[in-house]
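Structure, as structure tokens:
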Amino acid sequence: MSAHSDSAAPAPVRLADYRPTDYLIDTVDLDFRLDATATRVVSRLRLRPNPAGRAGAPLVLDGGGLKPLRASLDNLPLDLAAVATPDRLTIAEPPQRPFTLEVETELDPSSNTQLEGLYRSNGTFCTQCEAEGFRRITYYLDRPDVMAVFTTRVEASKEEAPILLSNGNPVESGASGPGRHYAIWHDPHPKPCYLFALVGGDLGSIEEDFTTTSGRKVKLAIHVEKGKEHRAHYAMESLVHAMRWDEFVYGREYDLDVFNIVAVSDFTMGAMENKGLNIFNDKYILAIAETATDADYAHIESVVAHEYFHNWTGNRITCRDWFQLCLKEGLTVYRDQEFSGDQRSRAVQRISDVRALRAAQFPEDAGPLAHNVRPDTYCEINNFYTATIYEKGAEIIRMLRALIGHDAYHAGMALYFERFDGKAATIEDFLGCFAESSGRDLGDFARWYAQAGTPRVHVTGVFDAQAKTYTLRLSQSTPPTPGQTEKKPLPMPIRIGLIGRDGAEIPLVQDHAHNWREEKFGVFELAGPERTIVFKDVPTPPVASVNRRFSAAVILEQELSEDDLLLLMAHDSDPFNKWQAAQSLASRLMIRSTAAIRAGEMPEFSDLFALALADALEHYETDPAFAAQMAALPTENDLARDIGTDVDPEAIFLARKALRDGVGRLLSQRLLTLYDKLQSDAPYSPDAASAGRRALRNACLDLYAAGNHSDGAEIALSQFQRATNMTDKMGALSVLSRLPTPAREKAMESFYRAHCDEPLIIDKWFSLQATIPEPDTLSRVKRLTKVHAFNIATPNRVYALIGAFANGNPYCFNDVSGEGYQFVADLALQADGVNPQVAARLLSAFRSWRNLEAGRRALAEQALRKVLETTKLSPDLRDIAQRALA
Ligand code: B3K
Ligand code: ZN
């Protein structure tokens, strides 16, 4: 099982080439004898010719570096040498009737560092099969449209693995020879093999009983490293909330007698939705006040829900092929976002989702790695678990719902569940349900899936004092992306409000085309390249609040004066646009300062902005978490994106620092007062309201310290020393990390000493140090790669240290020497020998290299070329390097 295929890059796979398989698999019987280095797997497949396939075609099963021991067809032994290679098993002339194929393979889970297939994490046997990991366990038709009923027997040493789990329901268990035991699991729901899972280990568990609305009793269990059971309760609560929510909002019930979650420390992604047996990165399960921040709690709630929601959107209805990945991922992200919005503040949820979309998806869509939400072609499917598939995929569902309305949306979903349950579906199947439920032709809407790039919507408004009308002109265009020069207009919902100079909302009445739905909900459809909307009975020149709630996933270009933005900041009844106004104004100031700094002039400052911000923070009562969002000024990456070309990350850093420092200085007293007022002695609770107060308090400290270094450091140090929960501890340490004082190094050291045996906490320590915006951070990070706690084979460690440096420290990553680029490229190469998916993710940090100013651009290109020139690249890393440079 080598990480690299021997030959050159694999041939691209094309959506247009899809055809059904020639054979179907009805049932799979698996028998695992777990062993650290020599696990034996017997697979017995019941196959039959597919009526939709080619009669008499050879049967070709996928393998991934397998070691076959024997094979038989209908109990007659096959000549292994003739039929099997590590990557393929071929039966040239299979029977044209149902038949049984049995194959035994041997695996070495201990040496599997790719974390795909069967591997070990801290001694626990576990699996990860999506997208194509099952073929690393046994030969199979490893594609999502082959759905079979699985029965799995697992046998292991009783001492090493007292817990034996697989998909479905437990059927039987018992002793099997000296010191060994077994368990049999049966999953009645046909599924593709990417949803197969197995776990064997010595774990601690918590359990809970759940009864579905229709009365099915379900045993819920979460299994974690022994001694950490008490850290799994929040995840369990989240699971129960998610199960209730899916019953209530989508009418979806759980469908097995047990639901197991296992947390492991070595996991490439966040978690995996295997049927009845979710496997999680322990980062998204374990939390108590002393170890996890409020943000960690929120992530746990959303990831637990996300994986649970896949039971219907992904598992019961799966994807016909991997091009349809967004069918399950975009939809499930949308569902988890709505769930979190219902559990917490809707406005704050929307703001954080849009922040994430802009931070990860917009740059992808604007750079060399841009791709359709449903790609036409791929070389390495693992490189398509992207922000575009997930986050933009979710935005498309949100827009669909806004366009057709709540009722048609839910009627369409009900139809989808009914019609495609137990099937492997396509985007066309999905959209067809909504075309039917809404009576609309969704042909144009489907372009959202086929056209890459972020649309730009340009808005202008004209007030006619005589006629008392306000005319709003909207127009859209999408810039070209790699391989797609011609772009067509996309139907999109634009939510609009008009605000008078007094701050009051003006009712929306269209002058000619009266449309009660648009006027009532304020959602206007922009379907073609442009649209003009004339509002009547507008008494005074209004300010248009456009794309409220970020109703369309676009870049808005609206000419608003600074007065207009201040008005929206103070009065917009739409919290998203209130926040957006603050962001836009701050961004405008900092972008002007960036240009000034590059020209050798002084940065700008605006007292009015700072004072408006203070007002917003002080009016925090209704939603402190929202106020904390107001306080978080656009990041350096946000500014780089808004600037677009000829980006100078150092000037951006200085401009942003200047505004933050200025705000902190001007508002010193008010920030400090608020900081004190928000102090609480109540015991820690992770609920949204308490978390919001902590977030705002920490934001106040952060801004205060920006303008008052030595005082700020003192307060931060005292908060750090007194903190009884990780949120306040990290809040303080993060403030300290940006202040080059001896207190910082002392705090870092004491944090390390306190938590050195807790890898998930040390990850926070890695990330903080990797994001210090100072010239010697690179040497610090290099030093940290040598400490005992760092391990290139553990994805969490690599993301926490190297990922944070590459993505969260633009000042140092883009150092004018090019050393940041070299370092990240070298680390990606090192990681490639261990876990190619992690390596590919690291290298994606280069996705915006073309937007840099000429000097840095050349250095970034050099680093990428060096990667590409390396011999023995994994297909994953090669694919990213090639596309980034194309
Ligand atoms: N479906 C998994 C991701 C699998 C990653 C494969 N490389 C997690 C999720 O989206 O729920
Ligand atoms: Zn998912």
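Hydrogens, waters and symmetry mates play no part in the numbers below; they use all other heavy atoms, side chains included. Whatever order the structure lists them in is the order used to number ligands and atoms, beginning at 1.
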For [atom], find the nearest protein heavy atom and state the residue, atom name and distance (0.1 Å precision).
{"atom": "atom 7 (N) of ligand 1", "result": "N382 OD1, 3.0 Å"}
{"atom": "atom 6 (C) of ligand 1", "result": "E130 O, 3.1 Å"}
{"atom": "atom 8 (C) of ligand 1", "result": "A271 O, 2.9 Å"}

- Task: Work out the angle at the Zn ion (ligand 2) between OE1 of E329 and NE2 of H306, rounded to 10°.
- Result: 110°
- Note on the structure: Answer key: the N, O or S atom of H310 nearest to the Zn ion (ligand 2) is NE2
Which atoms from ligand 1 have a heavy atom of [X] less than 4.0 Å away?
{"X": "H310", "value": "9 (C), 10 (O), 11 (O)"}
{"X": "K328", "value": "1 (N)"}
{"X": "E273", "value": "1 (N), 2 (C), 8 (C), 9 (C), 11 (O)"}
{"X": "E329", "value": "1 (N), 9 (C), 10 (O)"}

Below 4.0 angstrom, N of the basic side chain to O of the carboxylate: do [X] and [Y] qualify?
{"X": "D421", "Y": "R316", "result": "yes"}
{"X": "R136", "Y": "D142", "result": "no"}
{"X": "E338", "Y": "R350", "result": "no"}

- Query: Is it true that the side chains of S265 and S121 contain a donor and an acceptor less than 3.5 Å apart?
  - Reply: no
- Task: Dump the intermediate steps for side chain to side chain contact (heavy atoms under 4.5 Å, CB included) on Q128 and T268, then the final yes or no.
- Result: CA-CA 9 Å; Q128 170 57 37; T268 302; over 6 Å; no
- Item | Y449 six-ring centre to R374 NZ/CZ under 6.0 Å and within 45° of normal | no
- Message: Counting only heavy atoms closer than 4.0 Å, does ligand 1 sit against the backbone of E116, its side chain, both, or neither?
- Response: neither
- Ignoring angles and geometry beyond distance, decide whether Y390 reaches within less than 3.5 Å of ligand 1 through its nitrogen or oxygen atoms. yes
- Side chain proximity check, F210 to L239, heavy atoms < 4.5 angstrom: no
- Note, H189 side chain near N167 side chain (heavy atom, < 4.5 Å): no
- Task: Please confirm whether Q837 comes under 4.0 Å of ligand 1, counting heavy atoms of the residue only.
- Result: yes
